Number of protein chains: 2
Amino acid sequence: MGPLDAYLPYLLNRAGARLAAAFEKDVRPLGASLQAWRVLAALRERDGRRMGDLSETTAIEVSTLTRLVDGMERRRLVKRQRDPADARVVLLHVAPAGRRLTARLLPIAERYERTALAGFTPREAETLRQALRRLYANMDRLPR
Amino acid sequence: MGPLDAYLPYLLNRAGARLAAAFEKDVRPLGASLQAWRVLAALRERDGRRMGDLSETTAIEVSTLTRLVDGMERRRLVKRQRDPADARVVLLHVAPAGRRLTARLLPIAERYERTALAGFTPREAETLRQALRRLYANMDRLPR
DNA sequence: TATTGTTATACTCTATAACTATA
DNA sequence: TATAGTTATAGAGTATAACAATA
């Protein structure tokens, strides 16, 4: 092991943390947070997801997610709904205000994507995405 | 913007969070943490750093770092020392116990590096590192 | 006056486990 | 008994600002 700067988890975390902190600061004036954005983006991809599903795709702990959604529901961004087929399950749906907020966050997220990847060719960007997916999948070799 | 899975900050954070969580769990029995490891690794690279320098290279907030170092000093892992040249400055040095802990953490860190990069050619791994450094540097285009 | 580091406070996220209600 | 989600609690990190010592 050489310098920290050659150590992958370090590079990963450093880049991720910086991106997250800047984004967070940027969207706070809109009353949003990185975590709320993740939920909205996940629902944008597919609406009516169950809490457990959301927790996995957003990488937010279930108990954290419960309270996050509490707040988002209070602000009428989303709406909880019991699954008629299985009353244990909660399905989360975007509400109109949530759709409006998503529409405002989307261009910001896209700007971050562009900024982060400035100077990358489309091919390099795709290679990076692929590598990150492989890396994530590799972590299955360790116990969760 | 398509699915979350194509969104770079998401991929970055997801991979980083998973790596960090697993590492954290792994080193806790040794009485260490990811943050403590960062400090030790930074001091391994260059001993006697000042707090502000450490804060930057470890990406740990200065106020958090102060308390982290408090604990590490209590456990005799590191030792604070006033800079004789400028008495405002604190220089941090590894202590013998810190060197021993570093020696135990190093193989674990290396295992994580190998696991994360399993199936990558050396060249692919280096490309990924380069891309992460470029990405981090790109964030200078945004206000800190 | 500016800089380095410490302290204080409020807030957020996590980890863990107990709990409720379904199945 | 097992599962989905909620609630409770303690711990760790962050953001922010005030502060002390020194330059």
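Just so it is clear, the structure is predicted and the values come from calculations on it, not from any experiment.
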Can you tell me the distance, in whole Å, between the [atom1] atom of [X] and the [atom2] atom of [N]?
{"X": "L65(B)", "N": "dA15(D)", "atom1": "CG", "atom2": "C1'", "value": "15 Å"}
{"X": "M72(A)", "N": "dT6(D)", "atom1": "CE", "atom2": "C1'", "value": "18 Å"}
{"X": "L92(A)", "N": "dT6(D)", "atom1": "CG", "atom2": "P", "value": "9 Å"}
{"X": "L68(A)", "N": "dT7(D)", "atom1": "CG", "atom2": "P", "value": "14 Å"}
{"X": "R49(B)", "N": "dT4(C)", "atom1": "CZ", "atom2": "P", "value": "16 Å"}
{"X": "Q81(B)", "N": "dT4(C)", "atom1": "CD", "atom2": "P", "value": "18 Å"}
{"X": "D70(A)", "N": "dT6(D)", "atom1": "CG", "atom2": "C1'", "value": "8 Å"}
{"X": "R82(A)", "N": "dA21(C)", "atom1": "CZ", "atom2": "P", "value": "10 Å"}

Give a yes/no on whether any side-chain N or O of [X] is located under 4.0 angstrom from OP1 or OP2 of [N].
{"X": "R80(A)", "N": "dG5(D)", "value": "no"}
{"X": "R88(B)", "N": "dA20(D)", "value": "no"}
{"X": "T64(A)", "N": "dT14(C)", "value": "yes"}
{"X": "Q35(B)", "N": "dG13(D)", "value": "yes"}
{"X": "T66(A)", "N": "dT6(D)", "value": "yes"}

Do side-chain atoms of [X] reach the backbone of [Y] as a donor and acceptor pair under 3.5 angstrom?
{"X": "R50(B)", "Y": "L92(B)", "answer": "no"}
{"X": "Y10(B)", "Y": "T57(A)", "answer": "yes"}
{"X": "D26(B)", "Y": "I108(B)", "answer": "no"}

- Message: Could you check whether R129(A) pairs with E126(A) (Lys NZ or Arg NE/NH1/NH2 to Asp/Glu carboxylate O, under 4.0 Å)?
- Response: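 Yes.
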- Query: Do the charged groups of E56(B) and R38(B) touch, with an N to O distance under 4.0 Å?
  - Reply: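 R38(B) and E56(B): not salt-bridged.
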- Query: Nearest to the side chain of V62(B) - dT6(C), dT16(D), dT22(D)?
  - Reply: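 Selected nucleotide (nearest to the side chain): dT6(C).
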- Message: By nearest atom, which of the nucleotides dG5(D), dT22(C), dT14(C) is closest to the V90(A) side chain?
- Response: dG5(D)
- Item | 5' priority, DNA chain C, between A59(A) and M51(B) [closest heavy atom] |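 Result of the comparison: M51(B).
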- Between R50(A) and A85(B), which is nearer to the 5' end of DNA chain D once each is assigned its nearest nucleotide?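 With A85(B) and R50(A) compared, the 5'-side residue is R50(A).
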- On DNA chain D, check which nucleotide each of R67(A) and A21(A) is closest to and give me the residue with the more 5' one.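 Final value for this comparison: R67(A).
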